[in-house]
Amino acid sequence: MILIWMICILLAGGIVSWLVARTSPLLAKWIALLAVTVDLLITCWLFSVYQAFPDNTSWYINHQANWIPALGISFHVAMDGFSHVLLLLTFFLGILAVLCSWKEIKEKTGFYFFNLLWTLAGISGVFVAMDMILFYFCWEIMLIPMYFLIILWGDARRRYAGYKFFIFTQVGSLLMLLSILALYFIHGDQTGKYTFDYFSLLHTTMVPGVAKWIMLGFLIAFAIKLPVVPFHNWLPDAHGEAPTAGSLVLAGLLLKTGAYGIIRFVLPLFPESAVDIAPIMILFGVAGIIYGALLAFSQTDLKRLIAYTSVSHMGFVLVGVFSFNNIAMQGVVMQILTHGLSTGALFVMAGMLKERLHTRDIDRMGGMWTSMSGMGGIAILFTMASAGLPALGNFIAEFFVLLGAFVNYPVFSIIATLGLILSAIYSLRMLQKVFMGQQHFTEPVKDISARELVIMAALSISIVALGLFPQPVINTVQHLSTIHPLLHE
Amino acid sequence: MQHYLYLIPALPLLGFLVLSMAGKRLSRNLIAGIGAGSICVSALIALITSASFLQSPPATGAYRQVLWHWFVTGHLSADVSLRMDALSLVFICIITFIGALIHIYSIAFMREDRDYARFFASMNLFVCAMLTLVMADNLVLMYLGWEGVGLCSYLLIGFWYETPANYRAANKAFVITRIGDTAMIIGLFLLFKELGTLYIPDILAKAPQQFSSGAHTITLIALLLLSGGIGKSAQLPLQTWLPDAMAGPSPVSALIHAATMVTAGVYLIARMHTLFELSPIAMQVTAIIGAVTLFIAGCSAMVQTDIKRILAYSTISQIGYMFLALGVGAWSAAIFHFFTHAFFKALLFLAAGAVIETLHHEHDIFKMGGLRKKMPVIFYTFTIGAAALAALPLVTAGFFSKDQILWYAWSANGGHPVLWALALMGAFITAFYSTRLILVVFWGEMKTTPGHLPGNAMTIPLVILAFFSVAVGWIEWPHNIMHVSLFSELVQQALPTTIMKGDLPHEIVFQFIAVVVSLLGIYTGYVLYYGQSELLMRWKQSDGLMNVRHFLYKGWKFDQLYDMLLVRPFMFITGINKSDVSDKLYTAIANANLYLNRIFSVSQNGSLRWYVTGVLIGILFIITLQLLL
Amino acid sequence: MNELQLSALLPFIVLAMASVVVILLIAFRLSHTVIQVVGFLMMCLVVFATWYVRDTLPQEIPPLFIVDGQAAVFTGLIIFSVLVIGLFSYIYFEEREENPKEYYILLFLATLGAAILTISQHFISLFIGLELLSVSLYALIAYLRNRNNAVEAGMKYLVLAALSSAFLLFGMALIYMETGSMKFSGIAEQLKTVGSTPLFLMGLGTIIVAIGFKLALVPFHLWAADVYQGSPSPVTAFIATISKIGTFAMLLRFAQSIHLQQYPLAVTIFSVIAIASMVTGNILALQQRNLKRLLAYSSIAHFGYLLVAFLPGNDAGTEAAIFYLAAYSITLLSAFGVIILLSSRQHEAEELHTYDGLIWKRPIIATVLAISLLSLAGIPLTAGFLAKFFVLSTGVHQAVWLPLIVLVLSSVIGLYYYLRVINSLFSTTVSAEAIPKPVHPFFHISTYITLVIMAGLICWLGIFPSVTLQGIRTFLMLH
Amino acid sequence: MSTLHAHTVLIVAAILFVLGLAGVLTRKNIIFMLLSIEIMLNAAGLAFVAAGSRWQQPDGQVMYLFILAMAAAEVSVALALVLQIQHQHKTLDVEELKELKD
C-alpha cells in the first residue's frame, strides 16, 4: 500500500504545485521539493526496514488490488531489493531535478513541476508495477510529461527532439504491447486463467520459436529505451535539447527503465530465448560501447557529448545482463545507479555552464577552471567517474560487468574493455575543452552557488560512497541471481 | 605497529580533502603546512613502522591491516586492506621520504603560484594513491592506486592548464598509460577467471599449483600485466608520454615522473614475480623491452636540449635498466636500482627545477652555462646527482646498483650477452650525456643572467638528497669487494634470490669493463663539450649526422608513427561520423513518409471525377481479388 | 406485431416523432432555444424509452427489424452522440444562420436513419435507413449554403453517396438473385444449403463498396477530407460519429448473420482495405494543417484499426469494436466541440495556427483538445488507448499478425501529426487570433461543461473501463 | 426457364449499370452526372425486379418502389444544390468545383 501512496504523493504534489503556481511560483517549487523528499524519506526508511530482514522473501512489499478483473488486469505493485534501489535513485535524482530547476525555470513554473513530478511518478510506477498492463501504463505515462518538458522548456531544436523521443519510444512500446498480449493469451490458453499478473506469467511455457518473437517485442522496447546502438538516435537529441532537469531525469532514470525491463521481464520470462540471443545482444552492447564512445569524442555540443557517453555506458548494461554471470549482474545494477549519478551530474553541470555562458558549444568554452575552480574540481570528479576511475562507483560497475562477462565471453569483454580507453579519451577532451586552455569569455563568470553546491555535493558524496562502500547495494540485489537459472552458477 | 598502517596513506588523503575543499579560504602558510606536513608525518610514521618491521619482522612476513570489506559477491571479494612486506616497505619509505622532501622543496618553489592549494592537494592525493598502490593486498585495490596515480599525474602535468602544450601532454600521458592499464585489467580478469581470486598472496600461492611453467595462460597473464607496467613505467612502446610530461612543475617531475610513479611497473612485476617466473617468455620479453628501451631512450637523451627532457629520457633509460634486471630475474638488483635512482633522479629534477626557476623559466641548456660560480649549492648537488646517474665508481649510489644489473644481465639465469652489451652501451651513453649536461649548464660562459637564487627551503632537500645519492650505495656492495648486502637481504624476504648461470667468468672483469665504459663516457663528453668542441662543430656540418640527430631528438619518431597509425585514423573516423551515420537511416524513414504524404496528397485534388475514379478503382480491385481467389 | 414488439420499437418511434415535433414547433414559430430544449428532451426521452424497454429485449419484429442488445448499445451510442452534437449545434448555428431551426429536423431524421441501420435485418430496412441518413446528410452538409464551400462539399457527398447507393442496391439485387431472400437470416440459410456462388460474392463485393464509402475506407475515402472541411462543424461531427456508427452496426449485423468471415475473399478484402486505410489515413494526415481535414484523415486510419477488430468475427472482436466506437465517438466529439467553441461567425477554427499556444489562453478547452488528441493517438490513461488495446488483443488472439504490425507501425506514424497539434497547443508563441466572445452564455457554458465532462469521460474510460465493458457485455448477451 | 430469363435481365441491368458508371466518369456537367447515377439506380432496380421474378416474390418490385422514392428525394436535394452551384459558381462544370482540396 505504501508504494501506491508514494506514487500518489508525486501525482498529488504535481497537481497541487500546478494549481498553486498561479499565486506563488515559489510555493510550487517547495511543494514539489517536499513531495519528492517525503518519498525519498519513505524509501530510505523502508531500506532500513528491509536491511533488518534481509533473509525474508525478496518481495517484501506486495500489494494487489482489483482493477479490470474482466481482463485479468490488477493493480499489483511489489518491491524487491532491485526495485528498491531504483526507487532510491529515482527519488534522489528527483530531488536534485527539482533543485536544479529552481532558478532555470522562469516560465510556467507550475506546469513544469507538474510534468516533472508526473514523470517521476511514472518512473517509480515502472519500477514497482507487477502487472504487465500497469507496467505498460506507467511506461507510457512517464513519456508524456517528459515530452512536455522537452518541447516546452527545451532548447532551439526541442520540437524535433520531442518528436524523435516520443516516436522512437512509442514504436518499442507498441511492439511490447503486442508481446504482452501474446504472452497473455498463450498463458491464458494454457492454464485457462487469463491474467496479466507478472508472477503468474512467469510460469508460462512457450514453444521456443514463439517465445523468441515475443521476447523480441519486449527486447526492442527496452533496447530503444536503454538505448542499444542502432536505436539510440533519439537520445542525443532528447538529452541535448531537454532542460537540465529533463536531461537529468532522462539520463539518470528513463534509460534505467530499459535496463530494469530487460532484467525484470526479458530474463525471467524467456530464460531459454534470452540465452539464445545473448551473443547477439552482447555484440550490440559492445558495439554500443565503442560506437557511443567514438561519437562522444567528436561532438562539440556538450550535452550531446554527454548523451553519447550514456550510449556507451549503457552498452555495459547490455553486456552485463546477457553474459549471464552473477557478478556481471551486480555490476549492471551498480552501473544503473552510478551512471545515473555521474551522467546526471554531468548534465547538471552542462546546465550550469549553459546558464552562465548561454552556449553548449564546447569550442566556445575553455579556461573555465580559472573562474570556476569549484566546478572544475567537481567536473574532474565526474568525468573521471565516467571514465571509470576506481574509488568511484562507475569503476565497481564496469569492473564487475567486464569481469563477469570475461568468464563467459572473453573476446567481447576485451573489446568492451577497450571502451575504457575511449572513455578516457572523450572524457579528457571534454574536460580540456571546457575547463582548460585560455578563457574565452571576458565577462566574469560566477563560480558554483550554494544551491548548486548542495546538488553537486550530494552527487559527489554518493558516487564516492558507491565506489568505496558498494556492499549494501550488492547485498540488496543479491537475490537477482535467482531470476535466471544460469545465474545460480 | 601495524594498527597505524592506515595512517600512512590516510594522512595525505586527509591533506587532499582539506586542501581541495577549503583550499580557497586558507592562507598560503597553512596550505603549505597541511600539504607538506601531512606527508612529513606520514613519512615519519612510515619510518617508525619500517624500523619496527626491521627490528622484529612479523611471522607472516608482512604487516596487514583490513580497513573494511570493499565488496563481496560470489567468489569475487576485495577488501580495502593494507599490507606491508619488505618490498612494499622499500617503496613506502621512498615514496614518503622523497615525497616529504619534495613537498618541502615545493613550499618555496610554488610559492608564487596562483593555485597553491590545488598543487598541494594534487600532490597529497598522489602520495596517497601511490601508497595505496604499493600497500594494496589485492589487485583491485592496487588498480585503484594505479589509476589514482594516473589521475594525479594527469592533473599535475596539466597543472598550468592554460597552455595548450601542457594539457595536451597531460591528456597524452593519461591516455597512453590508460592503454597499459586496460591491458592490465584484462590480465586481472584472466587471473580471476583462472585462479578465482585477486588477493595477491593467494595468487602467488596458487599460481604455481595452477599453472605449469611456460603455460600459455600464465604467459598471457604475465604479458598483460607487463603491458600495464610498460604503460606506467614509460617503456617501449608506450614510452612517448614521459618526455612530454615534463610540462608539469619540476617537483612533479621529480616526484611522479622520476622517483615514484613511473616505477610502479617495476613494483607490479616484482610484486607478481611468481607469475613471471612461471613464464620464461614473459621474462625474456621484459628483459628485451628493458634493454631496448634503455638504449633507445639513452640515445634520445644525448641530443636533447631541454634540461628536463634530458632527464626524462634518462629516466626512461634507467627504468629500462630496472626492467632488464627484472627480466633476467635479478629482482633485488632491480629494486635496488629503483632505490638509488629515486634519490639521484629526484635530486636532478629538483636541482634542474631550481636552475630553471633562477633562469626565468629557461629550459634550453644551451642558453644556460657558467652557473658554477653563481649557484654553487645547486652546482654541487646537481653534479653529485649527475655522477650517480653516470655511475661514477664507488663514490655514487648509481654505480652500485647499475653495476649489479650489468653483472646480472650477463650472468643471471635469464641473462644474455646481447642484453649485457646493450646495457653496457647504455652505461656509456648515460655517462656521456650526464657529463654533457653538467658541462653545458655549469661551465662555459653565462648566457642568461640568473635571477633570484633559491632559498634554504629549496636547497636543504637538495643537500639531503645529494647525501643519500652518495650514501645509499654503501648498503649494498658487490660481494666480491665487500660483504655488505643489507638491501638484498631485506628485499629477499619478499622476492626470490637471483638464480645464476653456471661457469661464469670473474665478476671483477665485468666490473672493470663497466667502470671503464662509464669513465670513457664521461671522457667523451668532456672531449666533445669542453675540450674539442670543434669536432662537434664539424659533425654539425654533416647532413647525415644531423638527420640522425633529429631522428633521435624526436625520440625515434615514435610520436609521428603513432600519429599516423592511430591518432589520424581515429580522428578521421570520428570526424566523418560526427553527425552519426545511423541517424541518416531514421531521417530517411521520416523523409520517405513525408514523400509519401506528398504523393498521396495529390490524390486529394478536389476533383469529383477523380473521386469517382477512386470508387471505380476500389470495385475493380475487389473484382480482381474475386477472380484471383 | 404484438405489444412487446411495438414497445421494443418505442425508442425509434420517439426518435421519429422528434422530427415531427420539431416541424410542429417550427410551424408554431417557436424560437431556436425552445427547439433546442425540446429536441434535447426528446432525445432524453429516447434514452428513457430504451431504458424502459431493455427488459423486453431481444425482440424480433419480422421481417424488417430486430431490436437486441447490440442494437441497443449502438443506438445508445448514437443517441448519446446526437445529444452532444445537438448541444454543440446551438451556439454554432445561432451565430451563423438566421434560420437554424430546420436543421434539427434533418439532424433527427439522419439520426433516425442511423438508428434504423442498427436494428435492420433486412435489405429493405437497411436501404431505407441508409437513404434516410444519406439524404438528410446531403442537406445537412450544405446547410450553410453560403459559407465554407458547403455546397461543393454537399454536392461531392451527394454524387458519391448516390453512386455508392447504386452499388449497394446492385449488390443487394445480386445477392437477392442468388439467395431469394432479402432477410439476413434467410440469406444465411440459403447459403448453408447452396453455398456461395460467384454472383453472390460479386454482390458482397459491391456492397462492400457502399460500406467502404460510408466508413471512408481506402480507396473510397477520397471524399472524407473535403466533406469534413466543407460541412458545418456539428455536421462534420455527425458524419464522423453517428453516420459511421450506424453503418458499422449494419456491417456487423450483416457479417454476423451470414458469417461473413468464413469467406476468405471477404476477409482478404477487408484485410487489404484495413491495411490500406491505416497507412493511407496516417500518411495523408502527416502534413495537414487544417484540423478538420486532419481529423478526416485520422478517422480513415481509425476505421482501418477498427476493421482489425472486425476481422476475426468473434464476440471479443464485437466487444472491442463497440468499445472502440464508443471511445472514438467521445473523443472525436470533444475535439469537434473544441473546434465549435473556438469558431466565430467570421471564421471556422480549423487552421492549425489558430491553436498556437491555446493552452495559455484557454487552458481548459486546450486541455480537452489535448486529451482527445492523446486519446486518438492511443496514449494510456485515455479511452483511445484501451480501445486500441482491445483491438490489438483481439488481433493477437486470432493471430492476424500482418494487420497488427501495420496497425502498430502506422499508429506510430500517426503520432507525429497528433503531436504536431499538441505542440501547437502548447506553443510558446501564442496565436494572435481573438477568441470569440460568448454570445449565448447559457449554451456556451453548458457546451463548456459538456466538454469537460467528455474529457473526464475519456480519462475515466481509459482508467476504469470495467463498468463500461461489463455493460457492453451484458447487452451483447441479449441476442 | 425463368432462371435463364432472370439472368438475361441481370445482364441487361449490369450493362445499364456500367453505362451509368461510365457516364458519371465521363460527363463533366453535374446534371449529366446525376442522370447517369439515376441510370445506375434504375439498373439496380431492374436487377431487383429480375431477382424478384426469379423467386416469384413481390419483394423485388417493392424494392423498386423504394428505389424510385429514394431517387426522387435525392434528386430534389440534388437539384437544389445544382441551383446553388449555378448561383455561386456560374457554371455546372464539376471541374470548377475544386475549392476543397489538399
Side-chain angles (χ1 to χ4, degrees), chain A residues 164 167-168 229-230 232-234 236 291 294-295 297-300 308 325-327 330 367 369-370 373-374 377 380 384 387-391 395-396 399-400 402-407 410 413-414 417-418 420-421 424-425 428-429 431-432 435-439 468-471 474 478 481 489, chain B residues 20-21 23-24 68-76 80 114-115 118 121 129 140-141 143-148 150-151 154-155 158 161-164 166-168 170-171 174-175 178-179 181-183 185-186 188-190 192-193 570-571 573-580 582-583 585-586 590:
Chain A
K164 215 167 169 181
I167 289 174
F168 261 78
V229 142
H232 66 283
N233 296 66
W234 63 272
Y291 192 73
L294 289 178
L295 271 161
F297 179 79
S298 57
Q299 300 305 309
T300 51
Y308 277 113
N325 179 290
N326 202 17
I327 297 172
Q330 312 293 340
W369 207 347
T370 313
S373 58
I380 288 169
M384 283 304 149
L389 195 81
F395 166 71
I396 304 278
F399 182 71
F400 278 17
L402 293 171
L403 183 69
F406 189 84
V407 176
S413 175
I414 288 172
T417 313
L418 296 184
L420 291 179
I421 302 174
I425 295 176
L428 296 184
R429 174 172 173 272
L431 212 52
Q432 173 215 311
F435 288 99
M436 299 183 170
Q438 287 292 335
Q439 192 165 354
L468 293 178
F469 308 97
Q471 198 60 38
I474 295 172
Q478 201 71 50
S481 62
E489 288 161 273
Chain B
S20 60
M21 285 177 192
K24 288 248 139 176
W68 69 85
H69 299 296
W70 197 2
F71 50 78
V72 189
T73 172
H75 303 305
L76 176 67
V80 177
R114 188 182 55 192
D115 290 316
R118 182 158 64 84
V140 190
L141 188 61
Y143 188 76
L144 189 155
W146 190 270
E147 290 287 278
L151 168 67
Y154 163 77
L155 291 177
Y161 54 83
E162 287 178 334
T163 318
N166 294 0
Y167 58 67
R168 285 205 195 106
N171 288 353
F174 194 86
V175 171
R178 196 77 200 266
I179 293 171
D181 300 352
T182 305
I185 203 164
I186 294 171
L188 257 57
F189 298 155
L190 197 55
F192 179 77
K193 188 183 177 188
F570 180 78
M571 298 301 280
I573 290 171
T574 52
I576 55 167
N577 195 28
K578 180 168 183 282
S579 53
D580 200 348
S582 62
D583 215 28
L585 172 69
Y586 298 108

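The analysis underlying the following values was restricted to heavy atoms, covering all of them including side chains, and did not include hydrogens, waters or symmetry mates. Every chain is numbered from 1 and lettered A, B, ... according to where its sequence line falls, protein lines coming before strand lines. Worth saying up front: this structure is predicted, and the values here are computed from it rather than measured.
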Check your understanding: Checking heavy atoms, do the side chain of B:Arg114, its backbone, both or neither come under 4.5 Å from chain A?
Key -> side chain
**Study point:** Check: A:Phe469 main-chain N/O paired with B:Trp68 side-chain donor or acceptor under 3.5 Å
**Key:** no
Review point. Any sub-3.5 Å donor-acceptor pair from A:Gln299's side-chain atoms to B:Lys578's backbone N or O?
Key: yes
**Study point:** Contacting region of A:Leu402 [heavy-atom separation from chain B under 4.5 Å]
**Key:** both
**Study point:** B:Glu162 side chain vs A:Gly367 backbone, donor-acceptor pair below 3.5 Å
**Key:** no
Practice item. Let me know if A:Ala405 has heavy atoms under 4.5 Å from chain B in its side chain, its backbone, both or neither. Key: neither
**Study point:** Region of A:Phe406 that comes under 4.5 Å of a non-hydrogen atom in chain B
**Key:** both
Point to revise | B:His75 NE2 to A:Asn326 CG distance, which is reported to the nearest 0.5 Å | key: 9.5 Å
Point to revise | Closest approach of A:Gly388 to B:Arg178 (non-hydrogen atoms, all atoms of both residues) | key: O-NH2, 3.6 Å
Review point. How far does CG of A:Leu420 sit from OG1 of B:Thr182, to the nearest 0.5 angstrom?
Key: 5.5 Å
Practice item. Between chain B and each of A:Thr300, A:Leu431, A:Leu295, A:Ile167, count heavy-atom pairs under 4.5 Å; write down the option with the most. Key: A:Leu295
Revision key, fill the gap. Ranked by heavy-atom pairs below 4.5 Å to chain A, first place among B:Asp580, B:Asn171, B:Leu144, B:Asp583 goes to B:Asp580
Study note, to complete from the structure: The interface call for A:Phe399 against chain B, heavy-atom contacts under 4.5 Å, is both
Review point. Chain A: which of B:Leu76, B:Val175, B:Leu155 shares the most heavy-atom pairs with it under 4.5 Å?
Key: B:Leu76
Practice item. Tell me, please, which residues at least two apart from B:Phe192 pass ring pair (Phe, Tyr, Trp, His ring centres under 6.0 Å). Key: none
Check your understanding: Are any of the side-chain heavy atoms of A:Phe297 and B:Ile573 separated by less than 4.5 Å?
Key -> no
Exercise for review: Work out which heavy atom in B:Thr73 is nearest to a heavy atom in A:Gln478; give both atom names and the distance.
Suggested key: OG1-NE2, 3.9 Å
Review point. With only heavy atoms counted, which part of B:Tyr586 is less than 4.5 Å from chain A, the side chain, the backbone, both or neither?
Key: side chain
Review point. Is any side-chain heavy atom of B:Ile185 closer than 4.5 Å to a side-chain heavy atom of A:Phe395?
Key: yes
Review point. Any side-chain heavy-atom pair from A:Ile380 and B:Tyr154 closer than 4.5 angstrom?
Key: no
Review point. Taking all atoms of both residues into account, what is the closest heavy-atom pair of A:Leu294 and B:Thr574, and its distance?
Key: O-CG2, 3.3 Å
Revision key, fill the gap. Note: vs chain B, highest number of non-hydrogen pairs under 4.5 angstrom among A:Gly404, A:Ser481, A:Ser373, A:Gly377 is A:Ser373
Check your understanding: Non-hydrogen atoms of chain B under 4.5 Å away: do they reach the side chain of A:Pro236, the backbone, both or neither?
Key -> neither
Practice item. Identify which part of B:Met571 has an atom lying under 4.5 Å from any heavy atom of chain A, answering side chain, backbone, both or neither. Key: side chain
Study note, to complete from the structure: When rounded to the nearest 0.5 Å, the distance separating CG of A:Leu403 from CG of B:Leu188 is 8.5 Å
Point to revise | Proximity breakdown for A:Ile474 and chain B, heavy-atom pairs closer than 4.5 Å | key: side chain
Check your understanding: With distance as the sole test, does B:Tyr161 use its side chain to make a donor-acceptor pair with the main-chain N or O of A:Thr370 at under 3.5 Å?
Key -> yes
**Study point:** Qualifying residues under salt bridge (charged side-chain N to carboxylate O under 4.0 Å, His left out), relative to B:Asp115, sequence neighbours excluded
**Key:** B:Arg118
**Study point:** A:Ser298-B:Asn577 side chain donor-acceptor pair, cut-off 3.5 Å
**Key:** no
Revision key, fill the gap. Bottom line for A:Gln438: the part with an atom under 4.5 Å from chain B's heavy atoms is both
Practice item. Please round to the nearest 0.5 Å and tell me the distance separating atom CD1 of A:Ile421 and atom CZ of B:Phe174. Key: 11.5 Å
Check your understanding: B:Ser582 and A:Tyr291: which non-hydrogen atoms are nearest, and at how many Å?
Key -> N-OH, 3.8 Å
Check your understanding: Would A:Ile396 and B:Trp70 count as a side-chain contact (heavy atoms from CB on, under 4.5 Å) if you check the C-alpha gap in whole Å, the side-chain angles of each, and the deciding distance to 0.1 Å?
Key -> CA-CA 10 Å; A:Ile396 304 278; B:Trp70 197 2; 3.8 Å; yes
Review point. Contact part of A:Gln439 toward chain B, heavy-atom cut-off under 4.5 Å: side chain, backbone, both or neither?
Key: neither
